[in-house]
Amino acid sequence: MAFATREQGEYDYVIVGAGSAGCLLANRLSSDPAMRVLLLEAGGKDNWIWFHIPVGYLFAIGNPRADWMLRTEPEEGLNGRSLNYPRGKVIGGSSAINAMIYMRGQAADYDHWRQLGLTGWSWDDVLPYFKRHQDHFLGESEVHGAGGELRIEAPRVRWDILDAFCAAANQAGIKSIPDFNTGDNEGACAFHVNQKRGRRWSAARAFLKPVLGRKNLRVETGCLVESVVLEDRRAAGVRWRQDGTEHVARCRGEVILAAGSIGSVQILKLSGIGPAAELHALGIRVVLDKPGVGENLQDHLQLRLIYKISNVMTLNEMYRSWRGRARMGFDYAVFRRGPLTMAPSQLGLFTRSDPSRERANIQFHVQPLSLDKFGDPLHEFPAFTTSVCNVQPTSRGFVRLRSPEPGEKPIIKPNYLSTDEDRRVAADSIRVTRKIVSQPALAPYKPLEYLPGASVGNDNAALVKAAGDIGTTIFHPVGTAKMGRDTDPFAVVDERLRVIGIERLRVIDASVMPTISSGNTNAPTMMIAEKGAAMIREDARR
């Protein structure tokens, strides 16, 4: 099919992707009125009510209006199952449909990056960039910022069953702490959330919408990027399709890919930057043989254990009652509180899967609800879900092109539970969960294991099989364009997020993480964008 090509002018910065990283980058780079900035987003506008009411994730995930509807390949570690792989299809990206949980991870995550030779990425180095855009309800402190664009609040709803679960965790030896984001997140705490007065506070609401009036910032939606325009291994612009027309914009400064761990990899490969054999096989001209593009995929696999309970209210029966729904609507409309303000998880725990671990390596998301999978109806019986993740997985997967057509969904293969260590942690995680649920604090509610089920024994083989049956993504893909030294053949970008071997091209999103952070990945992605924007400005002044 032939497309008429339209020239769209010249810019100082062209940013591809208006997600958690791209919205922040557009804000920072357009703050200089002398710089012309173009932001391209493949998804649409966030003009749907469920992008803004927090519980809307239940309706957005699995809905083609909000979700790119990607899928993994069948996973051997998940007993042959293929998973839905949600990604936000809207300005704000996945921050418009995610769990809204503000989680930095652990100081040791970033100190490890520095130990890999990545200067400027230790915990002490990155903490100021976390703080720079914060408006935290706890106020200004050594670890938190106030007055920034990203509002972070405490939950506006509580549940008796979650209080009981926290007490049970305490009885099992997991202490309560006031804040997960000080560098050591071991313990039990209510999650802090990206909300403002009971509304989801996505990256678009925080960083992009307040600056849309800037004359030097242009934002376009519905743009399917075909490739970066390369001239002599230098990024010179971007080519995209929009409304049946091919467009191209020139760039006199830098092209910045911020399309995430799936999208940025696709664009690099479509531009001829990636593993030569893969590109040759698809008929794509190789500009730079870069074997690490699309490799090193890491994700947090959640094991969703579900327990039927009695003698206490959960969202399951509340949502199925018209009186319950009416009360929820009233509480939200009048007070901006109650279940409609819920993040998917309100209570979190970090602990060790076994005592030999040097630091907390598993994370719990505890929810006063249950369902087969996101996008499906809530169960008819009262229940809670305790999802447990290995936050330091050793399994590595990949993202590859299925065809040279930009609109074709890629091959996604996380290779969950492909290492002995990850299988061992999965089995131990279920044991830890069962230990917590067996504590006296939960006894009044008569928890009965629904998934994986009481018939599943505590031996390793049975638990690994169960993990494969109930495991699913918790939506944290990272690492597919990892930072590294130029001596690392699989490094894609350097410590300043510049694509190694291509001038004026950077990748600034979750794909650059060399190893995954120990917890939810949205806050680290925004930190990477904040630091990346600062580096771009610093380099421009040299």
Side-chain angles (χ1 to χ4, degrees), residues 19-25 27-28 54 57 88 92-111 113 121-138 141-155 177 179-185 189-196 200-207 258 260-261 298-300 343-346 348 350 360 363 365 389 391-392 474-479 508-513 515-534:
S20 297
C23 287
L24 193 154
L25 287 162
N27 179 300
R28 298 298 187 254
Y57 70 89
S94 293
S95 76
I97 67 172
N98 71 357
M100 296 164 284
I101 291 171
Y102 185 82
M103 180 66 60
R104 292 169 174 168
Q106 299 168 3
D109 298 330
Y110 306 98
D111 290 341
W113 294 4
W121 290 95
S122 72
W123 171 255
D124 289 341
D125 292 322
V126 303
L127 181 57
Y129 296 100
F130 276 116
K131 293 174 62 177
R132 185 169 295 181
H133 50 257
Q134 278 193 312
D135 184 22
H136 202 286
F137 76 98
L138 292 176
S141 69
E142 290 185 2
V143 293
H144 289 303
E149 298 92 341
L150 186 68
R151 181 63 181 168
I152 301 160
E153 297 187 344
I177 60 174
D179 185 356
F180 280 134
N181 290 294
T182 62
D184 179 2
N185 56 18
C189 183
F191 286 122
H192 300 166
V193 292
N194 296 134
Q195 293 182 10
K196 189 169 187 177
R200 175 188 288 273
W201 207 242
S202 70
R205 292 186 66 87
F207 301 108
S261 293
Q298 299 159 61
D299 191 11
H300 291 145
S345 306
Q346 294 79 58
F350 284 84
Q363 176 185 10
H365 293 75
C389 303
V391 292
Q392 293 147 24
I474 204 165
F475 326 130
H476 298 163
V478 309
I508 304 181
D509 56 31
S511 68
V512 305
M513 295 187 193
T515 52
I516 196 166
S517 57
S518 298
N520 308 72
T521 54
N522 192 52
T525 300
M526 292 183 182
M527 175 277 291
I528 289 167
E530 188 78 80
K531 185 171 172 63

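Keep in mind that this is a model prediction, so the values were computed, not measured.
- Side-chain polar atoms of His133 and Asn27 form no donor-acceptor pair below 3.5 angstrom.
- For Asp299, there are no salt bridge (Lys or Arg N to Asp or Glu O under 4.0 Å) partners, not counting sequence neighbours.
- Of all heavy-atom pairs spanning Cys23 and Gly92, the tightest one is SG-N, 4.0 Å.
- Of all heavy-atom pairs spanning Val391 and Ala360, the tightest one is CG2-O, 4.4 Å.
- Panel note: side chain Asp509, backbone Gly260; a donor-acceptor pair is recorded below 3.5 Å.
- Put simply, the side chain of Lys531 never gets that close to the backbone of Pro128: no donor and acceptor are under 3.5 Å apart.
- With hydrogens and angles ignored, the 3.5 Å screen pairs no side-chain donor or acceptor of Ser511 with any backbone N or O of Ser261.
- Ring orientation note: the planes of Trp123 and Tyr110 are tilted relative to one another, at an angle of 30° to 60°.
- Listed for the Ser95 side chain is a donor-acceptor partner under 3.5 Å among the backbone atoms of Ala203.
- Residues Arg104 and Met527 are not in side-chain contact: their nearest non-hydrogen atoms beyond the backbone lie 4.5 Å or more apart.
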- What do the steps show when you test Tyr57 against Asn98 for side chain to side chain contact (heavy atoms under 4.5 Å, CB included), and what is the final call? CA-CA 7 Å; Tyr57 70 89; Asn98 71 357; over 6 Å; no

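- Formation of a donor-acceptor pair under 3.5 Å by the Glu149 side chain with backbone atoms of Leu24 is not found in this model.
- If you check the side chains of Ser518 and Gln392, you find a donor sitting under 3.5 Å from an acceptor.
- At a threshold of 4.5 Å between non-hydrogen side-chain atoms, the residues Leu150 and Asn194 count as touching.
- Across all their heavy atoms, Ile516 and His476 have their closest contact at CD1-O, 3.5 Å.
- Contact check for Phe130 versus Glu530: no side-chain heavy atoms found under the 4.5 Å cut-off.
- Annotation: salt bridge (Lys or Arg N to Asp or Glu O under 4.0 Å) contacts of Arg151 (sequence neighbours excluded): Asp135, Glu153.
- Contact check for Trp113 versus Met513: side-chain heavy atoms found under the 4.5 Å cut-off.
- In this structure, the side chains of His365 and Ile101 come closer than 4.5 Å at one or more pairs of heavy atoms.
- His136 places no side-chain N or O within 3.5 Å of a backbone atom of Ile152 that could act as its donor or acceptor partner.
- Remark: the backbone N or O of Tyr102 is paired with a side-chain donor or acceptor of Asn181 at under 3.5 angstrom.
- Residues Cys389 and Ile474 approach most closely at SG-CD1, 3.7 Å, considering heavy atoms.
- Across every non-hydrogen atom of Arg205 and Arg200, the tightest pair is CD-O, 3.4 Å.
- In this structure, Ser94 and Asn522 have side chains that are not in contact, with every pair of non-hydrogen atoms separated by 4.5 Å or more.
- Side-chain contact check for Phe350 versus Met103: some heavy-atom pair is nearer than 4.5 Å.
- When side chains are defined from C-beta on, His192 counts as touching Leu138, because their heavy atoms get closer than 4.5 Å.
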